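First the structure, in the form of structure tokens, and then the observations on it.
These numbers come from a predicted model, not from an experiment.
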Amino acid sequence: MQYHFNDIEAKWQKYWAENGTFHAQFPSDKPKYYVLDMFPYPSGAGLHVGHPLGYIASDVYARYKRLKGFNVLHPQGYDSFGLPAEQYAIQTGQHPAVTTKVNIEGGVDNQGNEIAGYRKQLDKIGFSFDWSREVRTSDPAYYKWTQWIFTLLFDSWYNRDTDKAEDIESLVSAFAKAGNQNIHAVCDDNIAAFTADQWNAFSEKEQQAILLQYRLTYLAETEVNWCPALGTVLANDEIVNGVSERGGHPVVRKKMTQWSMRISAYAERLLQGLEKIDWSESIKETQRNWIGKSVGAQVKFKIKNDVSSSAVENAYIEVFTTRPDTIFGVSFMTLAPELDLVQEITTPEQKAEVDAYIEATAKRSERERMADVKTISGAFTGAYAEHPFTKEPIPIWIGDYVLAGYGTGAVMAVPCGDQRDYDFANHFGIAIPNVFEGVDISEEAFADKDNTVIANSDFLNGLKYKKAVKLAIYELEKIGAGSGKTNYRLRDAVFSRQRYWGEPFPVYYKDGMPQMIALEHLPLELPEIEKYLPTEDGAPPLGRADVWAWDTKTNNVVSNDLVSSSAVEKSGDNGIYPLELNTMPGWAGSSWYFLKYMDNTTADGSIPKEALDYWGNVDLYIGGSEHGTGHLLYSRFWTKFLFDRGFITIDEPFQKMINQGMILGTSAFAYKFQAIDPDMLLSYPEVEMKNFFITENQSKLYETDTLTFFKIFEEKYPLFYNEIIEDIEKAKGCLKTFPVHVPVQFINASNELDIEGFAKWRPEFKEATFILEDGTSFSPSGGDVRRTEGASVYKVGREVEKMSKSKYNVVNPDDICNQYGADTLRMYEMFLGPLEQAKPWNTAGITGVHSFLKKLWKLYHSGTDGAFHVSDDAASKDSLKTLHKTIKKAEDDIENFSFNTSVSTFMIATNELTAQKCTSREVLAPLAILISPYAPHIAEELWSKLGQTTSISEATFPVFEAKHLVESSKEYPISFNGKMRFKLELPLDLSKDEIEAAVMANEKTQHYLEGRTPKKVIVVPGKIVNIVG
RNA sequence: GCCGAAAUGGCGGAAUUGGUAGACGCGCGCGACUCAAACUCGCGUUCCUUUGGAGUGUGGGUUCGAUUCCCACUUUCGGUACCA
């Protein structure tokens, strides 16, 4: 009987779906295990073979855990809001909800493109997902709760005293009782002090304005990339070389009022939490750097009125520094050009220069400013600050290497101790005072803290780094010019997007102040609009909605016309207010989705506490490391917040995480040989030179040995050859090879091109001439010599690139499933290489895994005419050894997520058992279980043929027994000076001395020693013998 | 620029704690089966100037012994705060 994988796979996929085989149980007596994949974004391009890599890995692990007796939750869903759907909507005029649905469920879009749909594609691969718990972020029933979490954040503040988020009501009552002076909150800087009496006397609007400075989500002015021509804000990766990717319009930095999340409140806990989760050290390090804790001092520098002519009085510049020990080395200050303070302090004489510089800076992206260390630029404001100790004037500059969003947006420049300050000072001719003892700073700054001894610094002289820092802070505090401070690089997260396809904010504006819509009136659904673009006056797309106002009396969305023009005044207030026009960012819905999977049984979509408590957090999370500082940080933030507010009992969402590497495409190239400029060929009047394809080798030959290359043309194209050969250099100047991407479907396992197929795909190459490997030529139009049997071939060149449509290297998993089966696809993806590494896909290699599955099938079908045959006879010693060796290795590998090596192990086991002619049930039944997480369909089929009536997923993972692997002797490698020369079989129970004696007595040892006496013999029993000398 | 990761035959990769470099698979070569092809099976396959020598991105170091540990560098990939 043949291995009919298509039938087998369809049969079992149907069985699993119909029987709910993989539905997680609740309640359950079993221990739980929660395996989750990072949320897929359902793009219109569909799945390529790179996408399922992580899903297969997590599926293998989930199935393994089931065999190990766990109640496994392994859900899947879609992060279905996002920019690509919106851009597709803008391009094609379709509602993103429609295209998103098609992308998930399949269908035909209005361009006539047939879309298979994510779900069908995933189903074909045979995942053990519990689809009954599917989640879509763009589903109002889901985003209702995203909106609710937002309102909860709005109604919360962070109390430093209890070190957690609390209900805003506790803050309000504290204010009413005692004002804000004894409140230790994470809040905006520079909040004015007020007493209880003052608070109680404030108007509601004033109170709301103050509370907004404490809330965990708040409105603030933030810098964005504004593209005036497109009337919208752009993401950094929508900007290429300072202009918009679409249309190439200029982009400037602009301030906008945006919703922000006070994630900075959680900086320390996000940092500490890393210690108790099992993630790769590298991604934890990425988050540590992102949070960027640094300990130092906040220092105030008074701005000198008498020196600058500015009108500012009693103004300070506050800086954060990690090196207060070098405070006597300050020779200038640098401010971020976009700070408001710059305008205030700049002297009239410097105004023109400063304004010009600010304008130039607005055109540069933040990333550009950080990355570019070569160009040094800045401008002098004309103003001076006063050194807190020496009272000397310090010139105040602006420079784009200082970013407004980091720290206070100002630095005290110590050129002798910081290279960027040093370069800046050098460039503008500013003094570089040396405050280090015995250090030469004539060439570069000295940043080594460990070897610092301070000099020229008054009371700090002679002190080392640590002591000097301590003393400097002490002295600063004494004169009221600063204090010790811990700073975090982590900035509050901007939460507004000027887009359509995202969650609407449950927010309306009364009297200009934001108000939340209560949970019972949610979800606030996205309004219909006719175009998904910003409005003409630059408002976000929701500004196009006519029905987008909130009636607080009926709690409904109503027409904008009803908003009273005098709504700001109490007298004309009809209770109808405008709604927020921004939407939430992509990370909103994905910051809590792992909780929603825990239950889908309630009518209102809430999650019962029992389910939250039972499932706890995700035990294993698999996804890409590119989410390191986005999704993975924001989810941790929301989890800690929901923990603080008592909704969940875990404060880390993902206990263990594995980051799978990207699967790259192997692009194929044909080399078009043609004139750089067709006109140049006129110098060869009798030659028509078009559409020649040469091979990769010939292309190389052309570069290195042009003469030999042209010999190819000598016989067949004498005219051309004669023309060319007259002046090789001239020919070389006008003829060149151009690599052309060839779709990988036209390439076989030996890199040979299906020329006819290629010419059919690109008809303009029908008449082209392909010079083959042996120099003969072929044209697909048939005008030339047909390729006959034994004729040469055209081999493409190959290069590894990102898998993408435009590179024609995309491989669709559906095609692989049809041709080889899902089990082969699953195994091959695992076999490719270590899960965590990036690796190229090459369909050619898949035959190895496929024939392994055929061999496995045969192992169970050794009867006449390939009939299923398994005996109840006792297994041979060898077969038991093979089995138990495989159990051990398979289990170790799976626990270490080393899936590629376990596939090899199965191959070795199958080869060995085939050679042993093993037919014993005792061996073949456990073997099927071992393989079932990887190749579940074939395993189920074999399992049922073995007479089982339940799914193999209900079986128990075989138990390893060491007794089958006991060895009595070892083939020792005998090395001389570390080089292995020969092997010697010796009993394992020999002592060190006995081994040495046996080795030295061996005649081969004497041969390799060539008469020398060994200086030393290293014997490691059970491992190796090394003879030195 | 900064942060993180990777580099081993023609290719994907293996070597779990410093102990036989190249498991397993692809490709390639030879052979069997076949009228023939495909499939399948068997054998071989790191390189070289082959009684031997070299070899895990480059250059150094530690060690009896280094793909593995240390130092310096090169290249490629990911992230860099509005792609997801």
(message) Suppose you measure atom P in G18(B) against the same atom in C69(B); what distance do you get, rounded to whole Å?
(response) 7 Å

(message) Suppose we call a contact any N or O donor and acceptor under 3.5 Å apart; does that hold for the side chain of Lys979(A) and the base of G55(B)?
(response) yes

(message) Regarding Val1017(A), tell me which of base, sugar-phosphate or nothing describes its non-hydrogen contacts under 4.0 Å with the strands shown.
(response) nothing

(request) Examine Arg253(A) relative to Trp226(A) and say whether NZ or CZ is less than 6.0 Å from the centre of the six-membered ring and inside a 45° cone about the ring axis. (result) no

(request) Considering only atom P, compute the distance from U67(B) to U56(B) and round it to an integer number of Å. (result) 7 Å

(message) I'd like to know if Asn289(A) reaches the base of C3(B) with its side chain, counting only an N/O donor and acceptor under 3.5 Å.
(response) no

(request) May I have the distance from Glu799(A) (atom CD) to C77(B) (atom P), rounded to whole angstrom? (result) 11 Å

(request) Using Watson-Crick or G-U wobble geometry with both distances below 3.5 Å, tell me the partner of A72(B), or none. (result) U58(B)

(message) Say we look at G12(B) and G60(B): how far apart would their P atoms be, to the nearest angstrom?
(response) 27 Å

(message) How many whole angstroms separate atom NE2 of His631(A) from atom P of G79(B)?
(response) 15 Å

(message) Suppose you measure atom P in A72(B) against the same atom in C3(B); what distance do you get, rounded to whole Å?
(response) 13 Å

(request) Compute both the distance and the angle, then confirm whether Lys888(A) meets the cation-pi test with Phe960(A): under 6.0 Å from the six-membered ring centre, within 45 degrees of the axis. (result) yes

(request) Measure from the side chain of Ser904(A), starting at C-beta and using heavy atoms only, and say which of A23(B), C83(B), U20(B) lies closest. (result) A23(B)

(message) Can you tell me how the ring of Phe505(A) sits relative to the ring of Trp259(A), calling it parallel under 30°, perpendicular over 60° and tilted otherwise?
(response) parallel

(message) Return the pairing partner of U40(B) with a 3.5 Å limit on both distances, Watson-Crick or G-U wobble; otherwise return none.
(response) A32(B)

(message) Can you tell me the base-pairing partner of G27(B)? Count Watson-Crick or G-U wobble geometry only, both distances below 3.5 Å, and say none if there is no partner.
(response) U45(B)

(request) Mark yes or no for a side-chain to base donor-acceptor pair under 3.5 Å between Gln2(A) and C39(B), with no hydrogen or angle criteria applied. (result) no

(request) Could you let me know what G1(B) is paired to, Watson-Crick or G-U wobble, both distances under 3.5 Å, or none if it's on its own? (result) U80(B)

(request) For U63(B), give its Watson-Crick or G-U wobble partner with both distances under 3.5 Å, or none. (result) none

(request) Rounded off to whole Å, could you give me the CZ-to-P distance for the Phe899(A) and C24(B) pair? (result) 22 Å

(request) Give a yes/no on whether any side-chain N or O of Asn842(A) is located under 4.0 angstrom from OP1 or OP2 of C26(B). (result) no

(request) Output yes when at least one side-chain N/O atom of Asn911(A) is less than 4.0 Å from OP1 or OP2 of G25(B), else no. (result) yes

(message) Between Arg499(A) and Glu238(A), does any NZ, NE, NH1 or NH2 come within less than 4.0 Å of an OD or OE carboxylate oxygen?
(response) yes

(message) Just N and O in the side chain of Arg367(A): are any of them under 4.0 Å from OP1 or OP2 of G1(B)?
(response) no

(request) Tell whether Arg499(A) reaches the base of C82(B) with its side chain through a donor-acceptor pair below 3.5 angstrom. (result) yes

(request) For C35(B) and G27(B), measure between their C1' atoms and round to the nearest Å. (result) 29 Å

(message) I want to check one thing: is the phosphate of A81(B), taken as OP1 and OP2, less than 4.0 Å away from some side-chain N or O of Asn236(A)?
(response) yes

(request) Answer with base, sugar-phosphate or nothing: what part of the nucleic acid does Trp841(A) contact at a heavy-atom distance below 4.0 Å? (result) nothing

(message) Any N or O donor-acceptor pair under 3.5 Å from the base of C3(B) to the side chain of Glu285(A)?
(response) no

(message) Would you say Arg497(A) places a side-chain N or O within less than 4.0 Å of OP1 or OP2 belonging to C82(B)?
(response) yes

(request) Remember a base hit wins even if backbone is also touched, and classify Gly628(A) as base, sugar-phosphate or nothing at under 4.0 Å, heavy atoms. (result) nothing

(request) Take atom CG of Asn900(A) and atom P of A15(B), then tell me their distance rounded to the nearest Å. (result) 7 Å

(message) Between C1' on G10(B) and CD on Glu696(A), what's the gap in Å once rounded to a whole number?
(response) 12 Å

(message) One thing to verify: whether Arg288(A) and Glu285(A) come together as a salt bridge, which I'm taking to mean a side-chain N less than 4.0 angstrom from a carboxylate O.
(response) yes

(request) Take atom C1' in G9(B) and the same atom in A14(B), then report the distance between them in whole Å. (result) 13 Å

(message) Students often get this wrong, so: under 4.0 angstrom with heavy atoms, is Thr666(A) touching a base, only sugar-phosphate, or nothing?
(response) nothing

(request) Determine: side-chain N/O of Lys854(A) to OP1/OP2 of U40(B), distance under 4.0 Å, yes or no. (result) yes

(message) Please determine whether a side-chain nitrogen of the Lys or Arg among Glu338(A) and Lys255(A) lies less than 4.0 Å from a carboxylate oxygen of the Asp or Glu.
(response) no

(message) Under 4.0 Å from OP1 or OP2 of C77(B): is there any side-chain N or O of Lys839(A) that close?
(response) no

(message) With rounding to the closest Å, how many angstrom separate the P atoms on G19(B) and C70(B)?
(response) 15 Å

(message) Between Tyr406(A) and Ala844(A), which residue's closest nucleotide on RNA chain B lies nearer the 5′ terminus?
(response) Ala844(A)

(request) State plainly whether the residues Lys885(A) and Glu967(A) are in salt-bridge range, i.e. N to O under 4.0 Å. (result) no

(request) Determine the Euclidean distance between corresponding P atoms of G65(B) and U74(B); express it in Å to zero decimal places. (result) 30 Å

